[in-house]
Amino acid sequence: MKSLMKRYNPAEIEGKWQTQWDQADIFKAKRSTDKPKYYVLEMFPYPSGRIHIGHVRNYTMGDVITRYKIATGHNVLHPMGFDAFGMPAENAAMESGGHPKEWTYQNISDMVAQLKPLGFGLDWSRMFATCDPEYYGQQQALFLDMLEAGLVYRKNAVVNWDPVDMTVLANEQVIDGKGWRSGAEVERRELTQWFFKISDMAEDLRTALDTLENWPKKVRAMQENWIGKSRGLDFSFSIKNSQIPYKEINVYTTRPDTLLGASFVAISPDHPISKFLERNDANLAKFNAECRKLNTSEEALEKAEKRGFKTALNVQHPYHENWKLPVYVANFVLMDYGTGAIFGCPAHDQRDLDFARKYELPIISTFIPAKVEEPWMYPEDGGKAFVPPKSEQVKYIKALAGTDFQTGIEAVEAAIAHCEEHNIGKGVTRYRLRDWGLSRQRYWGCPIPVIYCKQCGVVPERKSNLPILLPDDVSFDSPGNPLDRHPSWRKTTCPICGNPAVRETDTMDTFVDSSWYFARFTAPRAKTPTNLEDVNYWMNVDQYIGGIEHAILHLLYSRFFARAMHITSHLPESCAEPFDALFTQGMVTHSIYQTKDAKGRSVYHLPEEVDLDKRIVKATGEVFEIIPSAKMSKSKKNVVDPTDIISKYGADTARWFILSDSPPERDVEWTAAGAEAAHKHLTRVWALSDQIARLEKHNSEQDDQALLEIMHKTIFDVTQGLESFGFNAAIAKLYAFTNALSKSKASKLIQRQAILILAQLMAPMTPHLSEEIWSMQGAEGLVIQTNWPQADEDFLVSNIITMPIQVNGKRRAEIQVERDLSVAQIEQNALSVEIIKKALNGTKPKKVIVVPGRIINVVI
RNA sequence: GGCGGUGUGGCGGAAUUGGUAGACGCGAACGACUCAAAAUCGUUUUCCAAUCGGAGUGCGGGUUCGAGUCCCGCCACCGCUACCA
């Protein structure tokens with residue numbers, strides 16, 4: 001009887017069940033019409049070489065959904081691959097002298113080896129890396145089709161040059177004027193580059209955001225801001241009486257309704273006119289030089305003084321022949337937004353107002369509040385600039401067009417119409433979104449399949465020659481692109497005339513690789529980019545899961561690619577928005593353990609190096625400080641290695657804990673205590689199963705009904721939790737159910753039923769333990785092959801229910817009533833409760849509210 | 001400045017979407033077992049009062065029989081973005 005020698009041993013059971021799932025081909029996805037399909041995808045990892053805990057969280061969520069969807073009768077596709085091109089492989093090659101290819105493939109096999117013990121239900125047969133020639137060759141084919149369809153073009157452009165990575169960056173990859181990866185100050189260079197015509201789709205990409213109901217609001221808002229639509233007027237001020245070779249200054253404004261409040265024109269120091277003038281004006285040259293030095297990326301921008309340099313130029317206001325406006329060169333006008341020139345309307349822009357007061361320029365209000373309640377101080381008289389929301393109705397006192405009372409939006413449209421009618425300017429819609437420059441001067445990327453021929457010009461490579469393979473014999477001993485200096489790789493012949501020609505040596509931005517991999521997973525070995533039968537069946541991705549850091553770049557590019565792939569017949573139109581639902585998970589954080597050295601510098605300690613109870617560093621005995629909840633980083637040493645966690649507690653514990661503590665969209669703090677508690681709980685569940693398996697048959701049945709009720713309630717609650725990403729709440733219900741079961745005195749039959757249901761409900765989170773319990777109880781088959789349990793309505797509401805009684809909305813008592821008791825009866829019962837009688841003190845209640853099955857409220 | 005989000009015990013967080021606030025877990029305290037410790041099990045744990053009670057979901061108001069949840073006005077913090085014309 002005393003056989004508690006055995007206990008929960010994940011190391012023993014987890015591998016065993018993984019083998020069983022493999023052998024039964026559970027996760028191998030095949031097209032089939034007898035079940036609804038479900039495609040669940042997590043953003044694929046970069047093969048850095050190590051799985052980190054954030055990956056574990058991401059893939060665990062995907063796996064929970066996968067297993068739940070399988071159990072609820074879906075045909076599930078859940079693939080895994082690697083986003084394998086990119087700079088780190090080249091950097092590693094430069095540092096260690098190896099080859100990016102070897103480094104990458106070694107890392108991939110290391111990471112697969114770390115992923116497998118976690119027991120994720122993945123279809124490994126579909127795995128690919130974007131650096132596989134089979135993948136990037138199809139990407140080249142896709143590129144050629146896009147080129148033919150006019151979605152790719154080549155232009156000479158000023159580009160963002162990262163001087164450290166020695167490559168071009170897309171606008172999206174420049175953050176605060178610095179390279180997104182290197183952090184180096186970005187320079188501007190003029191180069192001939194390949195571009196995707198994403199700006200052509202700006203309007204569609206923007207309006208379609210409204211259809212993405214199952215995307216986080218936040219991501220949609222970020223994309224909308226990025227696309228940056230604005231409506232305004234393009235017009236020009238003509239330059240009066242001047243010798244310079246410029247006759248006018250072009251301006252773009254979103255507030256043409258304030259045109260009659262204009263008091264100056266300001267141009268950027270980099271504006272052609274400014275550049276022209278500085279040649280003959282030493283003072284202006286000096287001013288401009290100072291402005292250029294002031295880095296636009298600095299946070300001091302806010303506080304930076306608004307300075308202007310008054311030129312000798314005057315322009316004519318387009319509305320009145322005799323109305324002259326001075327022209328300033330101003331440090332706050334940016335050359336790369338709009339036209340690099342603005343008109344200033346001090347009354348309705350605080351910055352313009354500050355500028356006007358500084359240089360003693362006129363201040364002219366064009367509108368005032370519709371209803372002036374308090375004393376209204378005009379900007380003219382020292383008040384603040386009046387800048388109401390455009391949707392607010394105001395009173396126009398100098399309207400260019402339209403009525404006296406109108407909203408800003410109405411006034412802008414009226415002003416545009418008026419200006420168009422009088423040939424003053426033209427209404428335009430502008431987008432902040434620019435075309436996506438995809439050329440990178442790197443080796444470890446997908447070669448752009450284009451050839452330059454002296455006779456024929458720019459010639460696409462023949463599809464039959466694809467893939468254009470990267471050469472293996474390259475060196476990384478000097479900076480620049482190894483493809484450029486390769487002795488023979490670029491030499492080829494022209495597909496049209498057959499004469500000697502050279503290849504494009506630029507490779508594609510790695511964001512191209514990740515912009516269509518989700519479609520490739522549906523037919524990863526197809527001889528074309530996609531296979532229509534497969535994309536028609538599997539697409540769209542039903543649930544996509546990943547980090548918020550990809551809210552703009554990756555997700556916007558993917559939406560563009562899906563459209564482009566439809567145009568080039570690689571995807572059906574229904575796939576224009578490829579991700580039906582998106583979930584953005586939070587980070588995994590960990591406390592930092594910090595001490596100071598003799599010089600007061602911070603020294604960080606790994607979690608395993610400290611004694612948390614005694615609050616000292618084990619090796620030295622120093623007292624450490626705890627900095628709570630920071631993003632895990634190697635330099636701060638607040639990292640936990642998933643591999644260590646698995647060897648200590650097993651995969652199920654890691655999976656259970658990572659889901660249990662916080663809602664999945666929020667950051668979760670990894671704590672040793674929490675992981676330990678999770679492990680203890682799983683140990684308890686195992687022991688409970690063991691105990692039930694050895695129960696005597698003849699025991700009391702007194703708790704049967706109560707246990708069945710909580711069991712069905714738990715089925716209901718857990719199902720709801722899994723349906724709505726409420727993993728933490730679902731787990732809490734499972735804890736409660738386990739507690740109830742371990743205290744229950746129900747019959748063996750019912751207890752066994754309960755533990756089997758518990759195993760099924762836990763299976764998405766702790767699949768190995770669930771299988772183990774299933775077999776301990778002698779149940780047939782595998783849990784993963786069973787149908788998800790159904791909550792029985794009859795048990796969800798018991799016959800005797802407890803109803804709280806409130807007095808004036810405050811809970812005072814409760815009564816037990818039969819479920820189908822009439823409202824009148826409930827009221828009568830409630831009023832006869834001693835506490836309520838006392839509260840009434842013999843008087844009649846004003847009102848009694850009875851919500852059947854919920855609550856009684858007695859109003860006195 | 002703009003956009004988005006969040007605010008509930010010592011901590012992470014629940015709350016069927018207007019119906020018993022604090023589920024579940026961590027931490028803490030006490031107890032049982034033990035020579036002892038670990039492990040395990042049990043009890044308590046929002047605050048004030050310690051008896052009846054009273055207060056309570058960032059703050060102020062409102063709607064309602066009833067508000068963490070809805071409305072109006074503030075405050076604080078976080079994220080993204082921006083001299084955006």
Side-chain angles (χ1 to χ4, degrees), chain A residues 4 7 175-176 216-222 224-226 228 230 232-233 251-256 258 265-266 268 294 296 298-304 306 330-334 336-345 349-352 355 387 389 430 432 548-549 551-552 628-629 657 660-663 665-669 671-678 680-681 683-684 687 713 716-717 720-721 726 728-739 742-743 796 802-814 845-851 853-860:
Chain A
L4 271 167
R7 52 185 318 234
I175 293 143
D176 275 350
K217 230 192 200 166
K218 184 182 188 172
V219 174
R220 284 150 62 188
M222 282 165 79
E224 174 141 21
N225 289 342
W226 187 261
S230 67
L233 181 77
V251 170
Y252 169 73
T253 179
T254 55
R255 294 308 298 254
T258 66
V265 168
S268 165
L294 190 77
T296 49
E298 281 178 36
E299 297 137 27
L301 220 54
E302 183 89 5
K303 288 157 237 153
K306 309 299 180 239
N331 63 348
F332 57 86
V333 182
L334 304 176
D336 44 8
Y337 190 82
T339 60
I342 63 160
F343 76 81
C345 177
D349 183 302
Q350 190 59 43
R351 187 190 57 202
D352 290 350
F355 191 85
V387 195
R430 277 182 193 257
R432 193 172 159 277
I548 187 75
E549 66 274 20
I552 298 171
S629 275
F657 174 61
S660 66
D661 250 23
S662 296
E665 68 276 14
R666 270 196 236 173
D667 290 354
V668 61
E669 163 103 3
T671 61
E676 194 127 339
K680 275 184 197 168
H681 179 72
T683 304
R684 251 193 314 269
K713 187 80 173 68
F716 181 84
D717 288 339
Q720 205 175 44
N728 56 327
I731 284 175
K733 302 290 184 190
L734 288 167
Y735 267 102
F737 180 37
T738 307
N739 292 343
S742 71
K743 281 179 191 154
L796 292 182
T802 304
M803 288 181 76
I805 309 171
Q806 298 179 327
V807 175
N808 291 341
K810 276 278 170 198
R811 182 183 168 279
R812 280 296 120 99
E814 55 182 42
K846 275 194 200 144
K847 207 177 189 182
V848 178
I849 307 242
V850 176
V851 185
R854 292 216 188 258
I855 207 160
I856 305 150
N857 191 10
V858 181
V859 186
I860 298 176

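Residue numbers start from 1 in every chain, and the chains themselves are labelled A, B, ... in the order their sequence lines are given, proteins ahead of strands. Keep in mind the model is a prediction, meaning the values are calculated, not measured.
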K.L.:
Could you tell me whether the side chain of A:Ile342 reaches within less than 4.5 Å of the side chain of A:Tyr337, counting heavy atoms only?
P.N.:
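No - every pair of side-chain heavy atoms lies 4.5 Å or more apart.
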K.L.:
Report the nucleotide, chosen from B:C83, B:C65, B:U16, that has the shortest atom-to-atom distance to any side-chain atom of A:Phe332.
P.N.:
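Among B:C83, B:C65, B:U16, the one nearest the side chain of A:Phe332 is B:C83.
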K.L.:
Classify the nucleic acid contact of A:Asn857 as base, sugar-phosphate or nothing, counting any heavy atom under 4.0 Å across all strands shown.
P.N.:
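Base contact.
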K.L.:
Which is true for A:Val851 with a 4.0 Å heavy-atom rule: it touches a base, it touches only sugar-phosphate, or it touches nothing?
P.N.:
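Base contact.
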K.L.:
Any strand counts, and the cut-off is 3.5 Å on both contacts for Watson-Crick or G-U wobble. Which nucleotide pairs with B:A39?
P.N.:
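Result: none.
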K.L.:
Less than 3.5 Å between a donor and an acceptor, one on the side chain of A:Tyr735 and one on the base of B:C24, is that the case here?
P.N.:
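No.
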K.L.:
Does A:Lys847 put a side-chain nitrogen or oxygen below 4.0 Å from OP1 or OP2 of B:C65?
P.N.:
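Yes, such a contact exists.
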K.L.:
With sugar-phosphate meaning primed atoms plus P, OP1 and OP2, does A:Lys680 contact a base, only sugar-phosphate, or nothing at under 4.0 Å between heavy atoms?
P.N.:
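Sugar-phosphate only.
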K.L.:
Nearest 0.5 Å please: distance from the NE2 atom of A:His681 over to the CG atom of A:Asn739.
P.N.:
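Atom-to-atom, A:His681:NE2 and A:Asn739:CG are 7.0 Å apart.
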K.L.:
When the nearest nucleotide of RNA chain B is assigned to A:Ser230 and to A:Lys743 on a heavy-atom basis, which residue is associated with the more 5' position?
P.N.:
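First, find each residue's nearest nucleotide; the 5'-ward one identifies A:Lys743.
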K.L.:
Check this one for me: any side-chain N or O of A:Arg432 less than 4.0 Å away from OP1 or OP2 of B:A82?
P.N.:
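Answer yes for this pair, as a side-chain N or O of A:Arg432 is under 4.0 Å from OP1 or OP2.
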K.L.:
Considering the options A:Val850, A:Ile805, A:Ile849, A:Asn808, which one meets the side chain to side chain contact (heavy atoms under 4.5 Å, CB included) requirement together with A:Val858?
P.N.:
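Testing each of A:Val850, A:Ile805, A:Ile849, A:Asn808 against A:Val858, the sole residue satisfying side chain to side chain contact (heavy atoms under 4.5 Å, CB included) is A:Ile805.
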K.L.:
Pull up the glycosidic torsion of B:U16 and say syn or anti, syn being anything within 90° of 0.
P.N.:
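What B:U16 shows is an anti base, its glycosidic angle lying more than 90° from 0.
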K.L.:
Is B:G1 paired to anything, Watson-Crick or G-U wobble with both distances less than 3.5 Å, and if yes, which nucleotide?
P.N.:
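Across all strands, the one nucleotide that pairs with B:G1 is B:U81.
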K.L.:
Measure the distance from CG on A:Asn225 to C1' on B:G1 and round it to the nearest whole Å.
P.N.:
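Distance check: A:Asn225 CG to B:G1 C1' gives 13 Å.
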K.L.:
Suppose you measure atom P in B:U63 against the same atom in B:G25; what distance do you get, rounded to whole Å?
P.N.:
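So the two P atoms sit 41 Å from each other.
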K.L.:
How is A:Gln806 classified with respect to the nucleic acid when contacts are heavy atoms under 4.0 Å: base, sugar-phosphate, or nothing?
P.N.:
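Result for A:Gln806 = base.
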K.L.:
What contact category does A:Val333 fall into here, base, sugar-phosphate, or nothing, at under 4.0 angstrom with non-hydrogen atoms?
P.N.:
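Contact class for A:Val333: base.
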K.L.:
Please tell me if A:Arg812 has a side-chain N or O lying less than 4.0 Å from either OP1 or OP2 of B:G54.
P.N.:
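For A:Arg812, the contact criterion (side-chain N or O under 4.0 Å from OP1 or OP2 of B:G54) is met.
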K.L.:
Side chain of A:Ser662: nearest nucleotide among B:A14, B:C84, B:G12?
P.N.:
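Taking heavy atoms from C-beta onward, the closest nucleotide is B:G12.
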K.L.:
Would you kindly compare A:Ile731 and A:Thr339 by the position of their nearest RNA chain B nucleotide and give the one closer to the 5′ end?
P.N.:
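Its nearest nucleotide being more 5', the pick is A:Ile731.
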K.L.:
Indicate whether the side chain of A:Ser660 and that of A:Tyr735 have a donor and an acceptor atom separated by less than 3.5 Å.
P.N.:
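Not at all, the side chains of A:Ser660 and A:Tyr735 share no donor-acceptor pair under 3.5 Å.
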K.L.:
Both distances below 3.5 Å, Watson-Crick or wobble geometry, any strand: find the nucleotide opposite B:C59.
P.N.:
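The base-pairing partner of B:C59, which may sit in any strand shown, is B:G73.
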K.L.:
Any non-hydrogen side-chain atom of A:Leu334 less than 4.5 Å from a side-chain atom of A:Ser268?
P.N.:
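Of all side-chain heavy-atom pairs linking A:Ser268 with A:Leu334, none is under 4.5 Å.
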K.L.:
So, is A:Asn728 near the phosphate of B:A14, with a side-chain N or O under 4.0 Å from OP1 or OP2?
P.N.:
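It does, given that an N or O in the side chain of A:Asn728 lies less than 4.0 Å from OP1 or OP2 of B:A14.
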K.L.:
When you measure only distances, ignoring hydrogens and angles, does the side chain of A:Lys306 come within 3.5 Å of the base of B:C83 through a donor and an acceptor?
P.N.:
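Such a pair is found, so the answer is yes.
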K.L.:
Using a cut-off of less than 4.0 Å, is there contact between a side-chain N or O of A:Lys217 and OP1 or OP2 of B:G5?
P.N.:
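Result: yes.
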K.L.:
Which of these, A:Val668, A:Asn728, A:Ile731, sits in a side chain to side chain contact (heavy atoms under 4.5 Å, CB included) with A:Asp661?
P.N.:
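The passing option is A:Val668.
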K.L.:
What nucleotide, of B:A15, B:C65, B:G12, holds the atom closest to the side chain of A:Asp661?
P.N.:
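Closest nucleotide among those given: B:G12.
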K.L.:
Under 4.0 Å between any heavy atoms, over every strand shown, what does A:Arg220 touch: base, sugar-phosphate, or nothing? Just pick one.
P.N.:
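It contacts nothing in the nucleic acid.
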K.L.:
In the structure shown, which nucleotide is the Watson-Crick or G-U wobble counterpart of B:U17, with both distances under 3.5 Å?
P.N.:
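With both distances under 3.5 Å required, B:U17 matches none.
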K.L.:
Touch check for A:Thr254, heavy atoms < 4.0 angstrom, all strands: base, sugar-phosphate only, or nothing?
P.N.:
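A:Thr254: backbone/sugar contact only, no base atoms under 4.0 Å.
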K.L.:
Please check the phosphate of B:C84 (OP1 and OP2 only) for any side-chain N or O of A:Arg351 closer than 4.0 Å.
P.N.:
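Yes, within the criterion.
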K.L.:
Any side-chain N or O of A:Arg811 less than 4.0 Å from the OP1 or OP2 oxygen of B:A21?
P.N.:
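For B:A21, neither OP1 nor OP2 has a side-chain N or O of A:Arg811 closer than 4.0 Å.
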K.L.:
Between B:G19, B:U6, B:G79, spot the one nearest the side chain of A:Arg666, thanks.
P.N.:
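The nucleotide sitting nearest to the side chain is B:U6.
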K.L.:
Based on the glycosidic angle (syn within 90° of 0, else anti), state the conformation of B:G9.
P.N.:
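What B:G9 shows is a syn base, its glycosidic angle lying within 90° of 0.
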K.L.:
Base, sugar-phosphate alone, or nothing: which one does A:Pro216 contact when heavy atoms must sit under 4.0 Å apart?
P.N.:
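Nothing: the residue A:Pro216, judged by heavy atoms under 4.0 Å, touches no strand.
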K.L.:
Under 4.0 angstrom, heavy atoms only, what part of the nucleic acid is A:Asn739 near: base, sugar-phosphate, or nothing?
P.N.:
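Sugar-phosphate, no base atom in range.
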K.L.:
Could you identify the nucleotide paired to B:A28, looking across every strand shown and requiring Watson-Crick or G-U wobble geometry with both distances under 3.5 Å?
P.N.:
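B:A28 is paired, partner B:U44.
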